[in-house]
Amino acid sequence: MTEHDIEITVNGTDHEMTVDSRTLLVHALRDQLGYTGPNVGCESSMCGACTIHLDGEAVKSCTVLAVQADGSDVTTVGDFADRDSLHPIQESFSEEHGLQCGYCTPGMIMTTSELLERNPDPNEEEIREALEGNLCRCTGYQNIVKAVESAAEKMRTTATAEGDD
Amino acid sequence: MYPSEFDYERAETVDHALELLSGDPEAKIISGGHSLIPMMKSGLANPGTLVDIGEIDELTGIEWDDDTVSVGALTTYATIADDDELWDELPVLAEAAHEVGDIQVRNRGTIGGNVAHGDPASDLPAAVLAADATVVVQGPDGERRIDVDDFFLGMYATELGEDEILTGLEFPRSENATTTGAYVKKPSPSSGYALVGVAVSLEVDDGRIESARVAANGIMDHGVRLEPVEDGLVGESLDDVSFEDVAAVADEDLEEFMMMDDIQASAEFRAQLLKVYTEEALNDAVDRLDASLPTA
């Protein structure tokens, strides 16, 4: 086994750490750095609970080696909660009952945020397709789709208002 | 679920990666890792050393010249699936990349990794067979160019040598005819992998099929061309050809006792799916052609 000194930026904070070759990024984030946003679900890149943004793209952090992320910029759901008020995506998941137990929610939010960056006005089919890699065993997805639609609308309104300034 | 212990080296260049590979039969190349890491977690693969080529920028991207489009090995499924020019000219590849996994997987997994891995149930083997790819590999003795028809040998077995690295794929561009294509699959309800997937690439000139390449994955232990289907298409007029009849011979050259047969689908069921999805892929390819023609 080899150990590696790596540098990663998580939610804007730079970290230096030592990881084993086989340490998965999700475990480095949770166990070594204390970022417990990404959840460990299936550990086989099926469920999406561990979704983070790696250099701006949604990926499943159980299927990336921590050492592969050396030099990368990581964003977890924690970056959304560091503010005084909820992010529109979080607000909409709450209002539309887009969660029950909440275990899948961090991943849902990270995938949704990438979707809305690429496509600010997705239709239902596009939302369902974008979230196909995130499993929820509580809601039946109906309210998650509603939450994403509502978040998209709020974010479009905010973007328009900012454009008017 | 941790993989077993291994060493890890990050390669700066292709030559550096080749150097790390040479003389180490236990070494494996990794980039996106979306085929290899799951296999390492489940114990199906236990490389002694991983050589990470993921940061070698020259292996990423799509380049067009007069008669070829070259796709670097590290180009992700997402990049391919989002490329409008590929949808226009090489739709079979763009559609197959779009059908892989989910957006998180497509953001990370690469075309080179997929093809080198040789998973019989993945989506790209059929697509690169249908698209008449040339597989470009680098080894200790320099570059080797392999016709895709000679590349896939069996389950997770390819023509790629242990001391070689797949660096890219090249696809011919059509000079005169219009190219169309499609990839459709019956996904496993649990994993999303193809129980059967069919890729079609057609060159059409003046309503007549000039050439046809049709291939499937999921049905055999590696991606295969469906030559009886191709033979039924070439020279036919789009107005007269019956895709149902052409697709009916899709399994003619395939030995049933060699077909994939497991808890998810019997060989008999897969053979039936193959015909249905061949017909569907042909219809989709022609619909795409109609959609791209200027309306009067």
Side-chain angles (χ1 to χ4, degrees), chain A residues 1-4 6 19-27 31 38 40-72 107-108 110-115 117-119 126-135, chain B residues 1-12 20 27-55 74 76-79 81-82 98-110 113 187-193:
Chain A
M1 174 159 46
T2 46
E3 289 193 336
H4 305 270
I6 66 168
V19 295
D20 290 342
S21 297
R22 65 177 183 158
T23 303
L24 303 173
L25 181 56
V26 67
H27 293 305
D31 303 340
V40 179
C42 69
E43 284 189 274
S44 53
S45 56
M46 302 296 292
C47 81
C50 65
T51 301
I52 56 154
H53 291 183
L54 184 65
D55 293 326
E57 291 183 329
V59 304
K60 293 173 177 175
S61 59
C62 76
T63 310
V64 178
L65 301 172
V67 63
Q68 287 185 291
D70 186 14
S72 299
M108 288 286 178
M110 297 313 287
T111 308
T112 300
S113 114
E114 188 192 84
L115 165 68
E117 247 168 59
R118 292 153 59 104
N119 179 1
E126 288 165 338
I127 293 170
R128 288 184 182 274
E129 193 187 312
L131 291 176
E132 69 186 330
N134 292 80
L135 303 185
Chain B
M1 239 189 303
Y2 280 82
S4 295
E5 294 177 2
F6 56 87
D7 292 333
Y8 171 93
E9 303 276 359
R10 191 181 276 193
E12 307 294 332
L20 292 166
K28 275 291 261 187
I29 294 287
I30 189 169
S31 55
H34 271 51
S35 299
L36 188 53
I37 293 175
M39 284 187 88
M40 289 169 66
K41 287 181 181 181
S42 59
L44 291 171
N46 289 296
T49 303
L50 287 186
V51 176
D52 190 350
I53 59 169
E55 300 290 317
L74 300 189
T76 62
Y77 303 121
T79 302
D82 286 347
H98 180 75
E99 286 297 311
V100 174
D102 48 57
I103 184 62
Q104 294 100 311
V105 171
R106 292 194 293 274
N107 277 339
R108 189 79 189 146
T110 67
S188 152
S190 56
S191 71
Y193 276 85

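Order of the sequence lines sets the chain letters (A, B, ...), proteins ahead of strands, with each chain counted from 1. Remember, predicted model here, so these are calculated numbers, not experimental data.
- B:Asn107 contributes no side-chain N or O that, together with a main-chain N or O of A:Val59, makes up a donor-acceptor pair within less than 3.5 Å.
- Below 30°, between 30° and 60°, or above 60°: for A:His27 and B:Tyr2 the angle between ring planes is below 30°, a parallel geometry.
- Contact of B:Ser31 with chain A is made through the backbone alone, with heavy-atom distances under 4.5 Å.
- Counting non-hydrogen atoms of neighbouring residues, nucleotides and ligands closer than 6.0 angstrom, the OH atom of B:Tyr8 exceeds 12 such neighbours.
- Shortest non-hydrogen contact noted between B:Arg10 and A:Val67 is NH2-O, 3.3 Å.
- Of the atoms belonging to B:Thr49, not a single heavy atom falls under 4.5 Å from chain A.
- Applying the salt bridge (charged side-chain N to carboxylate O under 4.0 Å, His left out) rule to A:Glu132 yields the partners B:Arg106; only residues at least two apart in sequence or on another chain are considered.
- For the pair A:Arg22 (side chain) and B:Ser4 (backbone), a donor-acceptor distance under 3.5 Å is absent.
- In this structure, chain A has a heavy atom under 4.5 Å from the side chain of B:Leu50, while its backbone stays farther away.
- The minimum heavy-atom distance linking A:Thr63 with B:His34 is given by the pair O-CE1, 3.4 Å.
- Proximity to chain B (any heavy atom under 4.5 Å) is shown, for A:Val40, by neither the backbone nor the side chain.
- Contacts between B:Asp52 and chain A at a heavy-atom distance below 4.5 Å involve the side chain alone, from C-beta outward.
- Interface remark: A:Leu54 contributes side-chain atoms only to the contact with chain B (heavy atom separation under 4.5 Å).
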